[in-house]
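Right, one structure below, let's go through it.
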Amino acid sequence: MNELPASDIYEQEFKYMPWGTLIERVLDLISTTVPRNGSALDLMCGPGYLLGKIRERRRDMFLEGIDISKEFIGHAIGRYPTIKFGVADVMGWNSTRGYDLVTCTGGIHHLPYEQQARFLEKVKGLLKPNGLGILADPYIDHYESEEERKLGAARLGYEYLAATMRNGAPPAIVKAAIDILDNDVRGKEFKTSIRRMKPIMGSVFSSLEVHKTWPETDSDYGEYYLVVRK
């Protein structure tokens with residue numbers, strides 16, 4: 001498996017990859033939805049980019065991020081000192097508090113398929129009764145076989161790489177996009193289709209809204225954020 005990019009490269013990706021548009025939509029939703037003095041937890045938070053952007057818009061909120069990478073969390077602690085961060089495997093981590101918001105953006109596909117439903121149950125358990133979950137991920141075309149999965153991953157990866165290059169990405173970001181394609185085709189990461197994920201989320205949460213941000217075409221593949229409630 002190609003290694004995850006360094007923290008500084010990871011944060012540059014939001015400028016050149018389509019994912020940046022999704023994050024802006026998510027930030028707009030968080031800014032207007034989470035109650036005053038509310039709390040937010042970002043699972044698999046990486047180097048803390050999303051939480052840092054939330055802090056810029058919402059100084060009143062309690063923010064917490066968890067990630068398994070010591071490098072990412074070290075970067076986050078140094079850059080965002082008013083946010084609480086911790087190093088942990090989210091599948092084994094728990095909290096005694098409930099949160100108004102639980103997010104996971106670009107994280108679910110790092111979990112093996114057999115762990116993804118259990119992760120969603122964990123998100124549900126961390127939400128306050130009226131809490132909001134935002135779960136964002138790239139999805140491939142629907143598939144019924146391993147060959148179709150690989151072809152779907154190849155299509156998503158190619159279109160994503162092309163969009164990143166059209167946005168003028170420097171070589172390090174282009175390489176990161178190539179690594180995504182390679183990891184997905186070889187099954188080193190675990191992207192699924194939106195048609196497979198929707199019934200799983202629907203069985204866990206009381207409500208589910210599906211929003212697609214890229215590409216602006218009628219396709220199954222692309223980037224989605226799903227808004228769920230306990």
Side-chain angles (χ1 to χ4, degrees), residues 1-23 43-47 49 66-73 87-92 104-120 122 135-167 169-201 212-215 217 219-226:
M1 175 178 172
N2 292 297
E3 295 297 322
L4 292 173
S7 299
D8 58 337
I9 299 299
Y10 185 95
E11 293 201 343
Q12 288 182 52
E13 291 177 1
F14 294 96
K15 179 178 179 180
Y16 298 102
M17 293 183 177
W19 192 247
T21 298
L22 182 148
I23 293 298
L43 296 171
M44 292 183 271
C45 67
Y49 181 87
I66 301 296
D67 197 275
I68 198 170
S69 168
K70 292 181 180 179
E71 178 195 346
F72 280 169
I73 293 300
V87 177
D89 181 342
V90 296
M91 297 304 294
C104 182
T105 58
I108 294 177
H109 68 268
H110 291 295
L111 298 173
Y113 295 120
E114 64 270 16
Q115 292 185 17
Q116 292 180 8
R118 186 157 60 91
F119 173 75
L120 298 177
K122 176 176 284 289
L135 305 167
D137 231 33
Y139 290 90
I140 65 175
D141 285 327
H142 190 61
Y143 58 94
E144 298 293 346
S145 67
E146 177 61 8
E147 181 181 16
E148 289 181 355
R149 186 203 67 77
K150 289 180 178 179
L151 290 170
R155 182 185 186 191
L156 173 69
Y158 168 77
E159 296 294 348
Y160 207 75
L161 172 62
T164 300
M165 293 173 69
R166 291 189 193 105
N167 287 336
I173 307 301
V174 172
K175 181 183 182 303
I178 293 171
D179 288 345
I180 291 171
L181 189 160
D182 181 62
N183 284 337
D184 287 343
V185 170
R186 292 194 294 144
K188 302 300 181 182
E189 295 185 355
F190 306 96
K191 290 187 176 72
T192 188
S193 70
I194 193 67
R195 278 192 268 171
R196 284 175 176 260
M197 182 56 76
K198 281 172 63 178
I200 298 172
M201 288 201 182
K212 182 182 178 186
T213 60
W214 173 89
T217 58
S219 66
D220 277 352
Y221 82 88
E223 296 188 337
Y224 294 78
Y225 68 93
L226 289 82

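- Applying the salt bridge (Lys or Arg N to Asp or Glu O under 4.0 Å) test to D137 and every residue at least two apart in sequence or in another chain returns nothing.
- What you find for M17 and A177 is that their closest heavy atoms are CE-N, 3.8 Å.
- Looking at every heavy atom in both residues, C104 comes nearest to L43 through SG-O, 3.6 Å.
- Going from atom CD of Q115 over to atom NZ of K122 covers 11.0 Å, rounded to the nearest 0.5 Å.
- Annotation: side-chain hydrogen bond (donor to acceptor under 3.5 Å, both in side chains) contacts of R118 (sequence neighbours excluded): none.
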Legend entry - M201/L226 under side-chain contact (heavy atoms from CB on, under 4.5 Å): CA gap, chis, key distance, verdict: CA-CA 9 Å; M201 288 201 182; L226 289 82; 3.5 Å; yes
Inset, instruction - Under the side-chain contact (heavy atoms from CB on, under 4.5 Å) rule, what do L111 and M44 come out as? Steps first, then yes or no, please. - result: CA-CA 10 Å; L111 298 173; M44 292 183 271; 3.9 Å; yes
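- No close placement of the Y160 and W19 rings is indicated, their centers lying 6.0 Å or farther apart.
- Residue M165 qualifies as open at atom CE: its count of foreign heavy atoms under 6.0 Å is 12 or below.
- Residues satisfying the side-chain hydrogen bond (donor to acceptor under 3.5 Å, both in side chains) test with R196, not counting sequence neighbours, are none.
- Contact between P199 and R195 at its shortest, heavy atoms only, is CD-O, 3.2 Å.
- A search for ring-ring contact (aromatic ring centres under 6.0 Å, His included) contacts involving Y224 returns Y139, not counting sequence neighbours.
- The minimum heavy-atom distance linking A136 with L22 is given by the pair CB-CD2, 3.6 Å.
- Scanning both residues, C45 and I73, for their nearest heavy atoms gives SG-CD1, 3.7 Å.
- A distance of 8.5 Å separates OG1 of T192 from NE2 of H142, quoted to the nearest 0.5 Å.
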Inset, instruction - Decide yes or no on side-chain contact (heavy atoms from CB on, under 4.5 Å) for L120 and I108, but give the supporting numbers first. - result: CA-CA 9 Å; L120 298 177; I108 294 177; 4.1 Å; yes
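- With sequence neighbours excluded, the residues satisfying salt bridge (Lys or Arg N to Asp or Glu O under 4.0 Å) with D184 are K191.
- Residues forming a side chain to side chain contact (heavy atoms under 4.5 Å, CB included) with A88 (at least two apart in sequence, or on another chain): I66, W93.
- Residues meeting the side chain to side chain contact (heavy atoms under 4.5 Å, CB included) test with S219, sequence neighbours left out: K212, P215, T217, Y221.
- Of all the heavy atoms in P170 and Q12, the pair that sits closest is CG-OE1, 4.3 Å.
- Judged purely by atom type and a 3.5 angstrom limit, D220 has no side-chain atom pairing as donor or acceptor with the backbone of D141.
- The ring-ring contact (aromatic ring centres under 6.0 Å, His included) test applied to Y113 returns F190, not counting sequence neighbours.
- In this structure, NZ in K175 is found 12.5 Å from CG in L161, a value given to the nearest 0.5 Å.
- Residues satisfying the side-chain hydrogen bond (donor to acceptor under 3.5 Å, both in side chains) criterion with T105, sequence neighbours excluded, are absent altogether.
- With sequence neighbours excluded, no residue forms a side-chain hydrogen bond (donor to acceptor under 3.5 Å, both in side chains) with Y225.
- Put simply, CD on E13 and CD1 on I23 are 11.5 Å apart, with the number rounded to the nearest 0.5 Å.
- For the salt bridge (Lys or Arg N to Asp or Glu O under 4.0 Å) test, residues two or more places apart in sequence or in another chain that qualify with E146 are R149.
- For A169, the side chain to side chain contact (heavy atoms under 4.5 Å, CB included) partners two or more places apart in sequence, or in a different chain, are Y16, T164, I173, V174.
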